[in-house]
Protein chains: 2
Amino acid sequence: MKKENKSKYAILGMLFDKPQSGYEILQFMKESTTHFWQESDASIYPMLKALERDGLVTSRSEFVGKRERKIFEITASGKKYFLTWMALPAEKENNRSELLLKLFFGATTTQEENIKQLVMRRGQAQETKRIFRRIAEQTLSQVSDEHPHKQFWSMTLRYGLKLAEAELEWLDECINILKNK
Amino acid sequence: MKKENKSKYAILGMLFDKPQSGYEILQFMKESTTHFWQESDASIYPMLKALERDGLVTSRSEFVGKRERKIFEITASGKKYFLTWMALPAEKENNRSELLLKLFFGATTTQEENIKQLVMRRGQAQETKRIFRRIAEQTLSQVSDEHPHKQFWSMTLRYGLKLAEAELEWLDECINILKNK
DNA sequence: GTCGACATGTAAATAGTTACATGATTCT
DNA sequence: AGAATCATGTAACTATTTACATGTCGAC
């Protein structure tokens, strides 16, 4: 069974509510799904073209002066295709972690180097928490409680916060163990 | 800057202590690093060949009857290469999560379907916890406390447990929210 | 004798990223 | 005038997976 490119579902989902350009989708992803889903411009434009070819979206060009904006709209068959995917069980992804790999091999190097790695990641995890708080304050607070998306956006945000906190606890645990040796 | 293939470091790390065959490395990974690092046979054999070409490992053939086993041994320059990587800061990986993507788009479908996704993942997370416990009991308990690897192996295991528990808490939270609507 | 685990590999396809390329508009 | 952002795209490359291919050995 060949591996499926799931980018198309992310794009169709973004178009589900309202027509948008590729650029707008990218911008919105950067401030919403970026911590669990990202697309690059080199992937989104060809994918939009493929979706149009397959009749899942249609496009029209708008012009602001001479600057073109290609607005994509999801079709009925696109919505059906998207909802079919929504009903399928989400695949559990096997993620690689370079930090855990280095820690696994920690015995090959010095305690100082191991601690340095963990402390660096601790800084990153704290930064991640700050970013999530900013999304909550700047993006999510703008959305009305009646907005059907709000509770789901909160949940994904809460996931990021909760996991970042668990990681921080683990990092502190490990740093303490290595320091008291 | 081109992206680097990190498989070679995983392999060199596995060879750091003792010479092994590709198959043995794969077997050991399956019972140790599989939840944060995996290689497939189609990646490990070509990579071992490349490492030998670059002088980072050497190989010799052993025979058990007619069955060949190619044993790879890390060289001095291989160890140096590996330790240089160990000293570099671990890259923070941007992982994609299909579950979070589906939940993000939860408003496009029914509460029942959303709950179903979360309940399914809860089962997987519990299974993950069971697997980690088995590793602790079957693999890690066999390793002496004096073994230099033990504390690091415990830490990576503890990470898996801690994150799985945080995920379970989050899943229960979300399931409750969706059920009481 | 045949099934599953052992053991090593290649071929083909796909996914995903980086770098490249172009030009418009807005802000300072 | 120049920099930053808007906006869309292609080319080239690298990584990674799936499927294929081959043969050995031990257990039942």
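A, B, ... follow the sequence lines: proteins, then strands. Residue 1 opens every chain. Small disclaimer: the values here were computed from a predicted structure and weren't measured. Below, each value reflects all heavy atoms present in this structure, side chains not excepted, and no hydrogens, waters or symmetry copies.
The nearest whole Å value for the distance from the CD atom in A/E24 to the C1' atom in D/dT8 is 13 Å. Distance B/K8 NZ to D/dT16 C1': 15 Å, rounded to the nearest Å. Spacing between atom CZ of B/R96 and atom P of D/dT16 amounts to 14 Å, rounded to whole angstrom units. Distance, A/N5 CG to C/dT17 C1': 13 Å, rounded to whole Å. Whole-Å rounding puts the B/N95 CG to C/dT17 P distance at 11 Å. Here C/dA11 presents its P atom at 17 Å from OH of B/Y45, a figure rounded to the nearest Å. Atom CE of A/M47 and atom P of C/dT17 are 12 Å apart (whole Å). Note: CD (A/E4) to P (C/dA15) measures 8 Å, nearest angstrom.
Heavy atoms only, all atoms of each residue included: B/I175 and B/V119 are closest at CD1-CG2, 3.9 Å.
By the 30° and 60° cut-offs, the orientation of the rings of B/W153 relative to B/F28 is tilted.
Salt bridge present: B/R121 and B/E167 bring a charged side-chain N and a carboxylate O closer than 4.0 Å. Ion pairing of A/E165 with A/K129 is present here, as a side-chain N (NZ or NE/NH1/NH2) and a carboxylate O approach within less than 4.0 Å.
Listed by first and then second residue, the salt bridge (charged side-chain N to carboxylate O under 4.0 Å, His left out) pairs involving residues 138-160 of chain B are A/E173-B/R158, B/D145-B/K150 (not counting sequence neighbours). For residues 109-140 of chain B, the pairs satisfying ring pair (Phe, Tyr, Trp, His ring centres under 6.0 Å) are B/H35-B/F132, with sequence neighbours left out. Residue pairs that meet the ring pair (Phe, Tyr, Trp, His ring centres under 6.0 Å) test with at least one member in residues 55-81 of chain A, sequence neighbours left out, are A/Y9-A/Y81.
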Steps toward side chain to side chain donor-acceptor pair (under 3.5 Å) verdict (A/E68, A/S61):
CA-CA 7 Å; A/E68 191 184 9; A/S61 280; 2.6 Å; yes

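For D/dC6, the OP1/OP2 oxygens have a side-chain nitrogen or oxygen of A/Y23 closer than 4.0 Å. Contact annotation: B/K6 side-chain N/O to D/dA15 OP1/OP2 distance is not under 4.0 Å.
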Please tabulate, for side-chain N and O atoms in residues 82-92 of chain A, each donor-acceptor pair with protein atoms closer than 3.5 Å (sequence neighbours left out).
| unit_1 | atom_1 | unit_2 | atom_2 | d |
| --- | --- | --- | --- | --- |
| A/T84 | OG1 | A/K80 | O | 2.8 |
| A/W85 | NE1 | B/E98 | OE2 | 2.7 |
| A/E91 | OE2 | A/K6 | NZ | 3.2 |

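Near DNA chain D, meaning a heavy atom under 4.0 Å from it, residues 34-44 of chain A has A/D41, A/A42 in order of number. The stretch residues 54-69 of chain B touches DNA chain D through B/V64, B/G65, B/K66, B/R67, each having a heavy atom within less than 4.0 Å of the strand.
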